[in-house]
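Have a look at the structure below, then the notes.
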Amino acid sequence: MSAITTEQVESRVIETLASFGPDVSQITRDATFEELDIDSLDLVELAQVVEDDYGVILKGEDMKELKTVGQAIDLIVSRAE
Amino acid sequence: MPDSRTRPESCALVTGASRGIGAAIAKTLARDGWPVAVNYRSDSEGAAAVVAEIEQAGGRAVSLAADVADPGAPEELFSAAESHFGVPVLALVNNAGISADNLFSLLSEDDWQNVLATNLTGAFRLTRRALKPMMRARFGRIVNISSVVGLRANPGQANYSAAKAGLIAMTKTVTVEVARRGITANAVAPGWIETDMTAGLESALTANIPARRAGTPDEVAACVSFLASDAAGYVNGAVLTVDGGLAA
């Protein structure tokens, strides 16, 4: 599999989060999930998308630590390497 | 917002569907228009007969062997059903069940573990797998076949009762976690139903059933049919008893 770029992950994460409700313009790296009204079930669903697309398995402990969009993107990229 | 009212293109998986209540459920869901994956553990002839009957009636079905107590079963079953029908599984009926009755003091470690493994843990794993496509689809129907003995005591069935009561608790928890994704999870609690599982057992119980008769698998299937339907989109976390009034 070719290397996954941060840009690819970022775009997929933003697209997925936007499907949960928030406007794309609000979804910045610094935005917190709380601000975006993204709840724990949304993050479970994001983890499923990430697993399907990149084969990266995010566990419950991983998800609990995530506060911002940027942290999620960085975690996924680091696991995909 | 998802309103859980309109079913997307999808199929149904019924576990333990080669005979009895499961077979009736598979045939009824097929009549309702669901392509149905008919799971069985050992009775391949029974499963083949269910598939044949569905196909003769103009429905679509496939038989899939797996022991739901096997941790690998959910992935096998979902992958096989989805690749056969080309649509996601958006209705799951956890029906597969075994019994190993004995007075509590005489229940062996195996009697306890095996019944819990099939009747409760199997349903847990299948439901966990089912939620993936259901969450993505914003639609899902989970129906867990519990039992009236999950609601009130029956001597000799501590293991079976514990598993069936556990199914009800699991159903309710799933509901509160995922209802906002358009997914419903409900339990059906049959009472005394004429099947292979109850054959040979003395139905002295009949005198205690307000309806004064045993129920039929079709009468249980009718409830599952409703709970899986678009019309039942607002029925969530319920326990529907089908017992001739036994638990009333």
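Quick note on labels: first sequence line is chain A, next is B, and so on, each numbered from 1.
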Discussion item. Does A:E15, at its CD atom, have more than 12 non-hydrogen atoms belonging to other residues, nucleotides or ligands within less than 6.0 Å?
Written reply: yes
Fill in: side chain to side chain contact (heavy atoms under 4.5 Å, CB included) between A:V44 and B:E177, intermediate numbers included
CA-CA 11 Å; A:V44 168; B:E177 289 190 10; over 6 Å; no
Practice prompt. Write out, in numerical order, the residues from residues 16-28 of chain A with a heavy atom short of 4.5 Å from a heavy atom in chain B.
Written response: A:S19, A:F20
Practice prompt. Give, as side chain, backbone, both or neither, the part of A:D42 having an atom under 4.5 angstrom from any heavy atom of chain B.
Written response: both
Worksheet item: Got a sec: does the CG of A:D39 have more than 12 other heavy atoms crowding it under 6.0 Å?
Response: yes
Worksheet item: Any residues in residues 119-135 of chain B near chain A, with a heavy-atom distance under 4.5 Å, and which are they?
Response: B:K132, B:M135
